[in-house]
Amino acid sequence: MSLTAATINRLSVNEKMMKALKSVFNKITNALLLPVVGIAIFLALWSITAQSIHTSLGEFPGPNAVVKQFYSLYDEHTAEREKATAFYERQEVRNAKKLEKNPDYVVKTRAYTGKETFVDQILTSLVTVTCGFLLAAIIAIPLGIWMGLSVKLNSALNPIVQIFKPVSPLAWLPLVTMLVSAVYVSDDPMVSKSFLTSLITVSLCSLWPMVINTSIGVSSIDSDLLNVSKVLRLPTFTNIKKIVLPASIPMIFTGMRLSFGVAWMVLIAAEMLAQNPGLGKFVWDEFQNGSSESLARIMAAVVVIGFIGFLLDRIMLLLQRKVSWDKSSASV
Amino acid sequence: MNWTQSINKGLKKVSVGIALAISITGVVQSAELGEPEKEELKFGFIKLTDMAPIAIAYENGYFEDEGLYVTIESQANWKVLLNGVIDGSLDGAHMLAGQPIAATMGYGTKANIITPFSMDLNGNAITVSNDTWKKMKPNIPKMADGRPVHPIKADSLKPVIEEYKEAGKPFKMGMVFPVSTHNYELRYWLAAGGIHPGYYAPHKGDTSGQIDAEALLSVTPPPQMPSTMEAGTIEGYCVGEPWNQQAVFKNIGVPVVTDYEIWKNNPEKVFGITEAFATKYPNTTIRLTRALIRAAKWLDDNNNGNRPAAVKILSQSNYVGADYEVIANSMTGTFEYEKGDKRAVPDFNVFFRYNATYPYYSDAIWYLTQMRRWGQISEDKSDQWYKDLAAKVYRPDIYEKAAKSLIADKIISASEFPDFAKETGYKPPQQHFIDDIFYDGSKPNAYLEKFAIGLKKGDKL
């Protein structure tokens, strides 16, 4: 009997090991293999279809052409950096000469005047979207909390929020442009007008999802929690800090994630239309150029835009997990 | 030491002082051009090959030689560009010759824009879609080798337009801006062939320019011309390079006539700045004009020998960005009409020859006459009015200062410039228009009477 029991025991151990192996294998397949297969199939389909599409600018770019453009964009970037170094050297010589002629001359080093490379434009876009998003968050979250706490304010502001929420950035853009150029007048501006225009447009569009989600999050807090706060007679600020914020963080972050996604999409469109520096302008310029490499370069930008959007979303998700007590709310 | 000696010494000191003073003023006189008041500048342009002087002045370091740190930025369309110059986000820009004139006059946005530098001559063409070309071609006289005789007149387009009219379809064409050279050139060509391009009536709020029109013209930004025609929205367009050669290259249309053939050596783009800028920063204005003159000269030097290098620069994505071959087609002295029909047009792009950079009053007045002809100026104006407005916008005085300092610095010889002592700013009466009408810039009203189609004295819509 004991023998059989041991056999059964061994068998079940084997089975357990098999199961464990299987689950590890499944995990690997799901996490690595399948995405790789998916991407491979996508690339194959892309390259086959690309060959059969002929535009007036030549063949539609396949994966090869796009990869080639990544290299050439990087080469252009390094070449431009070399030009920048030469520019600064020339400027130094010129400034030294000026100083010799006029000892009172205050030496001023000017930033490189050459073109923005692809890398520069990615950075510009990232800075703009972050600033625009932060501005929106600073306004939207307090407003949302207030609206969530006060039913009256909510009823008063809700129609406005609902009307502005679906407005496309492209509709805001002309107004923002004119507003910025009318209001922001300075001889030595700290930031450029185009930067402000993109920033405000991005803020205007990413504001609403945050306001709505925050106010819903706050207003749907369990009434028991609020009652506790009432019983303890917590002052408003402590109430918000101890009860409201922790309880509504998941919803607030959902709103923020939504908004960041919106902000990134809006930014590209705004840059395209307003010719503000950034990835959107890069895409538009290439479209206007209409050279035989333009489409591949645009495709390269599309890939980069997608990647950055994905990364931004992941970063927000990480943040959400960090600050939220309910880990399950932060789903992918 | 007695007192006479000390007086002698004192006198010596004084005389040394005087000598010093003289020598100092001497130095000041030879380098009369001061340091630029504003050193960091931003210039706008539209992606067209005739922006070349700005790109060359930058790439060859002419701006830096003047102590100017210039950023160059492409603009979405002419309206955005003009607004940029007006609101100060751009310090200056590559402009249509009509833009500073219209802005100063108050047609569209009112602002005092001036030009010290005319950027180029010619450089535009009219392109029609393949379909329209097929219908036009039988009406065009042929040479012995079967190729069409040039210049092609709009007479050959007229039957096509009649056909559209009978079918009740509008015949649409694109141009780049209501006060653009292209608008007036396209209108001139159409009207010379008996096709009415339509009137404007701004006093009634009608700025579409399609009153009585047989061909409906509308605005499309230059780089979008080929794709708009490809999409079938327009049947043809008038635009600068490389967007006509692009149509040949992409096989979507045929350039039929260049503006060189419509009006030989017509003035095209100008460099526009606000009057306030020129007043506030006089040295900067002269210095940037100097840099642009040098760039224009470089572009025409060695009998267009520098053009391939220029094309290489222009084909960079931050300038015009089209393929090298496309830009080279027109910049290096040839022009491809129908695919394979490449003809020599050495003066298709002129940047410096024939005093191309000098801002002639008579050039400004030609644009004004066309604005009157098509109703953008809705009432009769006196000859003096035309002359006063031209003098307000075109500023040969600034050009002269820049040119003279270049001569003094021995960078360009005096023989390359007009004789400033005798120059009046009015070119002698010009012929070589496609309809053989003479143009005398000093008599704008008399000129307007010569056209069969167009508003004349006393006409008001």
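Naming: A, B, ... by sequence-line order, numbering from 1 per chain.
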(message) Can you confirm whether more than 12 heavy atoms, excluding those of B/K110, are under 6.0 Å from its NZ atom?
(response) yes

(request) Return the minimal non-hydrogen interatomic distance between A/S291 and B/G321, and the atom names on each side. (result) CB-O, 3.1 Å

(request) Using non-hydrogen atoms and a 4.5 Å limit, figure out which bit of B/E59 sits close to chain A: side chain, backbone, both or neither. (result) side chain

(message) As an exercise: rank B/N83, B/I72, B/D323, B/V70 by heavy-atom pairs under 4.5 Å with chain A and give me the winner.
(response) B/D323

(request) Count the heavy-atom pairs under 4.5 Å between each of A/K281, A/E76, A/R297 and chain B, then report the option with the highest count. (result) A/K281

(message) Other residues, nucleotides and ligands only: do more than 12 of their heavy atoms fall within 6.0 Å of OH on B/Y324?
(response) yes

(message) Can you list everything that forms a salt bridge (charged side-chain N to carboxylate O under 4.0 Å, His left out) with B/R294? Sequence neighbours excluded, please.
(response) B/D65

(message) Looking at chain B, which one of A/R90, A/Q288, A/E293 has the largest number of heavy-atom pairs inside 4.5 Å, strictly under?
(response) A/Q288

(request) Kindly check if the number of other-residue, nucleotide or ligand heavy atoms within 6.0 Å of CD (A/E92) is above 12? (result) no

(request) Can you tell which part of B/V80 gets under 4.5 Å to a heavy atom of chain A, answering side chain, backbone, both or neither? (result) neither

(message) Using a 6.0 Å cut-off, check whether atom OH of A/Y88 has over 12 heavy atoms from anything other than its own residue.
(response) yes

(request) With a 4.5 Å heavy-atom cut-off (strictly below), which parts of residues 111-129 of chain A touch chain B? List them by number. (result) A/Y112, A/T113, A/G114, A/K115

(request) Answer with side chain, backbone, both or neither: which region of B/V326 has an atom nearer than 4.5 Å to a non-hydrogen atom of chain A? (result) neither

(message) I need the residue from A/K83, A/Q91, A/E286 with the largest number of non-hydrogen atom pairs under 4.5 Å to chain B.
(response) A/Q91

Taking distance alone, no hydrogens or angles, what donor-acceptor pairs closer than 3.5 Å link side-chain atoms of residues 38-48 of chain B to residues at least two apart or in another chain?
from: B/K38; atom 1: NZ; to: B/D91; atom 2: OD1; distance (Å): 2.7
from: B/E39; atom 1: OE1; to: A/R110; atom 2: NE; distance (Å): 3.4
from: B/E39; atom 1: OE1; to: A/R110; atom 2: NH2; distance (Å): 2.0
from: B/E39; atom 1: OE2; to: A/K98; atom 2: NZ; distance (Å): 2.6
from: B/E40; atom 1: OE1; to: A/K108; atom 2: NZ; distance (Å): 3.0
from: B/K42; atom 1: NZ; to: B/E73; atom 2: OE2; distance (Å): 3.2
from: B/K47; atom 1: NZ; to: A/N289; atom 2: OD1; distance (Å): 2.8
from: B/K47; atom 1: NZ; to: B/S317; atom 2: O; distance (Å): 3.1
from: B/K47; atom 1: NZ; to: B/Y319; atom 2: O; distance (Å): 2.7

(message) Tell me whether the count of non-hydrogen atoms from other residues, nucleotides or ligands lying under 6.0 Å of NZ in B/K339 goes above 12.
(response) yes

(message) Taking side chain as everything from C-beta outward and backbone as N, CA, C, O, which of these in A/K101 sits under 4.5 Å from a heavy atom of chain B? Side chain, backbone, both or neither.
(response) side chain

(message) Report, in residue-number order, which members of residues 232-253 of chain B are under 4.5 Å from chain A by heavy-atom distance.
(response) B/W243, B/Q246, B/K250

(request) Could you tell me which non-hydrogen atom of A/D285 sits nearest to which non-hydrogen atom of B/S74, and how far apart they are? (result) OD1-OG, 3.5 Å

